[in-house]
Structure formats: structure tokens, C-alpha cells
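Here's the structure we're looking at; comments come further down.
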Protein chains: 2
Amino acid sequence: MTALNGFKDLALRKKTDVDAPAHNLGRPATINDIARLSGVSKKTVSRIINNSPLVRKDTREKVEALMREVGYAPDPLARGLAFRRSFLIGMVYDNPTAQYVVDMQNGALDALRGSSFELVVHPCDTRSPGYIEGVKRFVQQQKLHGVILVPRASEDQALADMLDEIGCRFTRIAALPLDDTSQMVITHDRDGAAEAADYLLSLGHRDIALITGPTAYRSAHERTAGFIEALQNRGIELPPARIIEAGYTFESGVAAAEKLLLGKQRPTAIFTGNDEMAAGVYKVAMRAGINIPRELSVVGYDDSPLASRLWPSLTSVRRNTRDTGRTAAAMLIQPEGKSALPLASVRPHLVVRDSCQPPQD
Amino acid sequence: MTALNGFKDLALRKKTDVDAPAHNLGRPATINDIARLSGVSKKTVSRIINNSPLVRKDTREKVEALMREVGYAPDPLARGLAFRRSFLIGMVYDNPTAQYVVDMQNGALDALRGSSFELVVHPCDTRSPGYIEGVKRFVQQQKLHGVILVPRASEDQALADMLDEIGCRFTRIAALPLDDTSQMVITHDRDGAAEAADYLLSLGHRDIALITGPTAYRSAHERTAGFIEALQNRGIELPPARIIEAGYTFESGVAAAEKLLLGKQRPTAIFTGNDEMAAGVYKVAMRAGINIPRELSVVGYDDSPLASRLWPSLTSVRRNTRDTGRTAAAMLIQPEGKSALPLASVRPHLVVRDSCQPPQD
DNA sequence: CTGAAAGCGCTTACAG
DNA sequence: CTGAAAGCGCTTACAG
């Protein structure tokens, strides 16, 4: 019986080294060590670990001092077993852009730093039929404390429903609010695209084209809507031929740009739904000898590293992905009742570089 | 007392539904359920979970069938607590290249898929003094099963020593063997760079320049050595002015390229230690009106997405990072004694695109 | 080849 | 505000 042993040890200690607090146990301290050495019960130590208010202030301070002294940290495995919930936050994503994924991870880790939580990653393929089962196994088996859903996985209602059903809390990251019940971080892609439109308008462009991502994606839909709306607000209506839906990939950007640039009447500016597709526009323009920015202005979305690597460097909408990840993780590890804000916002903004100029005529 | 309850339940079941094996317990099954329902002891179930040979074949098959039927999966938290070791693999890295990090993670996850292990990520800053303490806390607190060390963190002997000291197993990924004791995956950067050199030689280039990464990095050192060696093998000695040490970053590539390209006598070809710096060469060449590949051939290293996004697309050495990650993780979760290969190899190879031509004269 | 007891380091539910 | 008992779901060490 652990507890009894604890008390026997305490008795021994009292005789020998109660005045010499060199608590050196040659192994990681446990809650029993802390209880024994500070003369309180395990349960009181547990209350202190879990920030219960039901502990006298001086008791708390005494015990916390001892914890620091011996370098005590509670075992997440043992806590997890007792809580029936681990100290692991899962990140579920289906996104091909490495920088976006890494930024999101780093943001989440920012929020987890100093807490007892760690981040476990789960890329998946939302087009494969079994992927929801895969996430379910991941969540249930590891008894995850919570999950961060990254676009486009965050947009799959079936995934969210499954998580609700098994009682797993989660935070969704999305371009706009998807429902009223789940926690969300909203990235306001509509505003970012509008800023891009306003910028091109302010330079004097009027014949503008748009290469969108797959509009089944919320992000693509919002960026498209935001861009078109902003133009309309200034009295400019985009003709259908100036809007091309592509696939968020470099290759699809190349194909879209060929339609736009190799015809007789080309636009003076192009806004693309992400930087990958903007790189496709660059390739076509380069090959065709169209000078960016003199003959063609280009604005991307993401502000990925690619934006500054391209030449001329690409003006692009920055998404503040790291902040998004940090916010999402922070919502998840917040103590239960405590101001559980269901919604948070991260706002994009335009980063101006060298890829735009007033149109020549 | 769980065990006693277990036996009581078994008795009840025997009367009622022993012939109707619809084992539906409205909660995740535990080892006790499996033991009770299959009429063996907990310990025997445990042996089966842990692949012990000390189980009769028909016992094993009977129990495994039941496990499948009720969808039993052992709780990693409980196993971890008893084992004093979790089912978590850590990945420790200090690398700015997002694609490299993501490829490495995905590779590791390939190897962990279907196992009981999950991947928990730990980016760090090897230049900050406290980072080794940070890794130590990470490993000890989570009782990690093992850790994958990614360059450049993998090259820090102090980090490896700390892990040895606390008894944490780890796999290092490195350009060449660093010691004889730890498990390693060798990426043979020397060979990759040699292949780049041979390719440029085969095109007829003789006045070649080299932009290296920080040679304190093993990867940069090996790539540099491999490139220079391959040239020497063909009787070509690189003059010191043709070798510039840069920092693996885009900006440092720009600065190095300016030295090489804006002088009077420029080389006909440049090999860069990574793709980022090659993008820097592109920028300087573009700005100065130097045509790639007609007037200048460029070869990079990494075969990152950037390589195909640049125009003209960049010939580059592919590293097979995903294989590297998979191999590293596989070594870590291999059953203890079982053929614990200390060394594994992943070989790079050149991917030819549009950035090279024979020199004009 | 199989099993009953004790334990891993915590928390919950109950009692005071 | 504090504590003794029981339990979370597994494994280890010992015994047979």
C-alpha cells in the first residue's frame, strides 16, 4: 500500500533530515513524494496541481515551493488514465501547402508551450472514404483532449458530426462561421480578397481577371466573393470570361493563365486565390514575354515564402496562419467554464511587393 | 475489485447469452472485458497484446477473434503508465524549410500507421541556450518511446549525449555517420552533390561556381566536399573565388550570386547547396538580364516545390525526405532485440529540369 | 503455457 | 478547507 509506505517514510524522515531539505530522490518525484515531504495528503497535492480553489493559500504556497525544489511535474500518463482523457491536442489537416501546415503547427505549439499539453499531428485525405473512421480511431484511441480542424478538413460537416457524437471537443478554422455550436477561428478571407481588389483599383486597373480555387472550398468561395463584391462596390462588373476556376495548384494556375494571357485581349491585372496559382501566372507570362509588372500586375493570396522568391517579388495577402493556430489551440486548452468564447477572429492584410504597377496604355 | 466483478459478470452471462455473442457493452472494451468474455486471465490477454510467444496458438486465435469482434484496442495511457513509457514518438527539428519538415513528418507517420504509436512534434531553436533543457523536459515529461533527430538538431552531440544520459532511445538523420553507437539514417549528401557536378561536367561546363550552406552544417560540408571531389576526379580544380559560403537562405543566395554574377568574368554554371539559394541566383540573374539556362546553368539541392515553380524550372538533387522519415521512425518502433540495425541509407538523385544547357562560347 | 497479486501515478466520489 | 478508499486499464514479478 503506497499510502502507508508514504507515512512510514515520513516518520523516518522526521527523525533524520527534516531540517535539511536536500530532497534528492534519485528518480522523478511523484505525487506521493510531494504529499509525504510536505505533510499533506495526496488529494491536496492533486488539488494544487489542478488549480482547485479549495486549498488554503499557505498550504498551496508551501507545497508549490517543494514542487519547484524537487522539480516535480505530474505524469501526464497517470493523469490521463485517471481523467480518461490525455494531455494531447490533435491537429487534423488535409492541406498540400507545407508552409501553411507548419505555420499552423507552430502557432498551436506557441499556445501549448508551458502547459502540460503536446501536439500530435494527423494529416489525412478527406477524399478517401475511410478518413473519418481514421480520425475517430485517432481521437478515441489516444483519448485526445481536443482536436484542431484545419481547412479543408474543418469544412466537412460529417467530420464535425462524428466528433460531436463521440464527445470530442474541437476547434474549427474557417473562412467564415459555419455553425453556431462549435468553437471556431474565423480567417475572414472575404476581407483579404477585398483588400487586394481595392489595391488594384487604386492603381487604376479596370480590366481585371480572377483565378479562383475550387469554389467548393469555403476559402476559395469567400475570396472570390470578396473580390467580386469589392469591384462591384466601385461599379465594376467582372465578365464571366474574366473569372476562371482552377484547383489551387501550380499546374492549374498555368492552365488558367494560358486562357487569360494567350488570347487577343488580355487583362491588365490578375488576382489569384493563392500564391501557387500566381506562380503559374508568372510562368506563362515569362514564357510569353509579358513583363510583370509593366504589362501585367499580379496579386496572390497566402504570402507564402514563394511570394518573395519569385521575381519580381509577389504582392500577396498575408493570412497570419501562426496566429490562427495559436488561437485555435488556446481555445481548446482553456479551463472548461472559463469564458469559452465560441468565436475568434484573425484578419488578413495585403503585403505590397513588386508585382503591381498602374496599367500602361 | 475489478477482477471479482469480472467473474460475477461471467457467471451471469453464462446463464443468459453465452450462445448469443452480441457483445455490446456501450463503452470501449477493456482488457478485463476481453479476459472475462473469452474465459482467460488478464495476463494472458496482456501477453497476446504484447505478442508474447508464451500463448497457445488456439488461445491466441480465440482471444484475437473476440478482440476484433468487440473492436478492442488497448489504452495507450494505461499501457504507458504501466510500462513507464508512452506510445509517443517525438520529432525534434530546427529547420526553416517547411516542405522538408512536413515530408519528414509524413514519412514518420507512414511508418507509425497501423501501430499504436503517434507522432508528437517539437520544433526548437538550437541556437538558444536552453533548448536542450527543453527537449529533455519534453522527453521525460511525456515519457517518449523514442525521438527522431532531424538535421541540424541531429548534429548536436550535446543533445545526443543528454538523451543517452536519460536513457531515451533516438534515431539521428545525418549526411554521414556521426558515431558508432546511435541509430542513424544516412542521407549521403556527398553523392548527391557529386551527381550534380558530373551532370554539369557532362554538359561541357568547366568554369563552375559553388554557393555552399554554412559549412558548420554537416549537410553543407558534405555537399561541398562531394561537389569539389567530383570535379577533381575529372581534373578540375575550383579556384577559391568560385566558392562562396552562404547561409542556406534566399537572401544569402542573392548576396552570393551578386558576387559571382556582377563581376567581369562570370561562371557558366552555379551549383547551390539548396534550392532557396538557387532562387537567389535566379533573382540576381533576372535582374541583370542574364538568361537561364542560355547564359547560366543552375543546379539546386532539395528538389523542393520551389524548384518547379521557378521559371525556368530548376534542376535539383532530390533527397527523398519522406523515405528518410519513414526509415527513422521504423527503426525506433522495431521490437527491442529484433535486428536493431544501427545504420540505414537513403540515397539522393538528380532531377533534371530546364535550368541547364551546354555553355555558349 | 497460464494466473492472482501488487503496482504504475494520478483522480473521482464520498465523507468530514 | 482536508483526507482515506477505490479505481482508471494496463504490466511486472512471482508462482505454478
Side-chain angles (χ1 to χ4, degrees), chain A residues 1-7 10 25 27-36 38-63 67 70 72-87 116 140-143 145 336, chain B residues 1-7 10 25 27-36 38-63 67 70 72-87 116 140-143 145 336:
Chain A
M1 292 199 201
T2 316
L4 268 180
N5 280 335
F7 279 93
L10 181 59
L25 336 94
R27 56 170 173 78
T30 72
I31 196 174
N32 289 309
D33 299 319
I34 301 298
R36 173 168 45 81
S38 57
V40 302
S41 77
K42 247 163 95 158
K43 179 58 204 167
T44 297
V45 179
S46 173
R47 286 200 181 89
I48 290 168
I49 291 170
N50 293 291
N51 282 313
S52 158
L54 305 177
V55 181
R56 255 194 6 238
K57 200 181 158 209
D58 54 331
T59 307
R60 172 182 299 278
E61 281 167 0
K62 179 181 67 177
V63 175
M67 286 175 166
V70 303
Y72 170 72
D75 183 339
L77 256 17
R79 296 183 81 192
L81 180 59
F83 272 136
R84 292 160 193 74
R85 175 135 68 106
S86 76
F87 285 80
S116 324
Q140 288 195 310
Q141 172 120 14
Q142 300 299 321
K143 294 204 170 75
H145 181 272
E336 293 295 301
Chain B
M1 289 193 206
T2 316
L4 266 180
N5 281 337
F7 280 95
L10 181 60
L25 336 93
R27 57 170 171 78
T30 71
I31 196 174
N32 288 309
D33 299 319
I34 301 297
R36 173 168 45 81
S38 57
V40 301
S41 77
K42 248 164 95 159
K43 179 58 204 168
T44 297
V45 180
S46 172
R47 287 201 180 88
I48 289 168
I49 291 170
N50 293 290
N51 282 312
S52 159
L54 305 177
V55 181
R56 256 195 6 238
K57 202 181 158 209
D58 55 330
T59 308
R60 172 182 298 279
E61 281 166 0
K62 179 181 67 177
V63 175
M67 286 175 167
V70 304
Y72 170 71
D75 183 339
L77 257 16
R79 295 183 82 194
L81 180 59
F83 272 137
R84 292 159 192 76
R85 175 134 69 108
S86 75
F87 285 80
S116 324
Q140 286 195 311
Q141 173 120 12
Q142 300 297 322
K143 294 202 169 75
H145 180 273
E336 293 293 301

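Letters A, B, ... mirror the listed sequences (proteins, then strands); counts begin at 1. Predicted model, so just to flag it, every value in this text is computed and none were measured. The basis for the numbers below is simple: all heavy atoms, side chains too, and nothing from hydrogens, waters or symmetry mates.
Scanning for salt bridge (Lys or Arg N to Asp or Glu O under 4.0 Å) contacts around R79(A) gives an empty result, with sequence neighbours left out. The side-chain contact (heavy atoms from CB on, under 4.5 Å) test applied to Q140(A) returns K136(A), I166(A), not counting sequence neighbours. R56(B) meets the salt bridge (Lys or Arg N to Asp or Glu O under 4.0 Å) test with D58(B); sequence neighbours excluded. Under the side-chain hydrogen bond (donor to acceptor under 3.5 Å, both in side chains) criterion, S52(A) pairs with no residue, sequence neighbours left out. With sequence neighbours left out, A78(A) forms a side-chain contact (heavy atoms from CB on, under 4.5 Å) with D75(A), L81(B). Residues passing the side-chain hydrogen bond (donor to acceptor under 3.5 Å, both in side chains) test with T44(B), sequence neighbours excluded: S41(B). Taking the side-chain contact (heavy atoms from CB on, under 4.5 Å) definition, one finds that S38(B) meets it with I34(B), V40(B), V63(B), L66(B), sequence neighbours left out.
The distance between atom CD of Q141(A) and atom P of dG9(D), rounded to the nearest whole Å, is 14 Å. Protein atom CD1 of I34(B) is 16 Å distant from nucleotide atom P of dT2(C), rounded to whole Å. K62(A) places its NZ atom 12 Å from the C1' atom of dT2(D), with the value rounded to the nearest Å.
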Q.
Treating primed atoms plus P, OP1 and OP2 as sugar-phosphate and everything else as base, which nucleotides of nucleotides 10-16 of chain C get B, S or - for protein heavy atoms under 4.0 Å?
A. BBB----

Q) For DNA chain C, what is the dot-bracket line, given that a base pair needs Watson-Crick (N1 to N3, plus N6-O4 or O6-N4) or G-U wobble (N1-O2 and O6-N3) geometry with both distances under 3.5 Å, and | means paired with another strand? A) |||.||||||||.|||

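Of the two residues contacting DNA chain C, namely L81(B) and L54(B), the nearest-nucleotide position lying further toward the 5' end is that of L54(B).
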Q: Quick one: do R60(A) and N51(A) satisfy side-chain contact (heavy atoms from CB on, under 4.5 Å)? Show the steps, please.
A: CA-CA 10 Å; R60(A) 172 182 299 278; N51(A) 282 313; 4.1 Å; yes

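Note on T44(B): every side-chain N or O is 4.0 Å or more away from OP1 and OP2 of dT2(C). Look at T59(A) and you'll find a side-chain N or O under 4.0 angstrom from OP1 or OP2 of dT2(D).
P28(B) comes within 4.0 angstrom of nothing in the nucleic acid, heavy atoms only.
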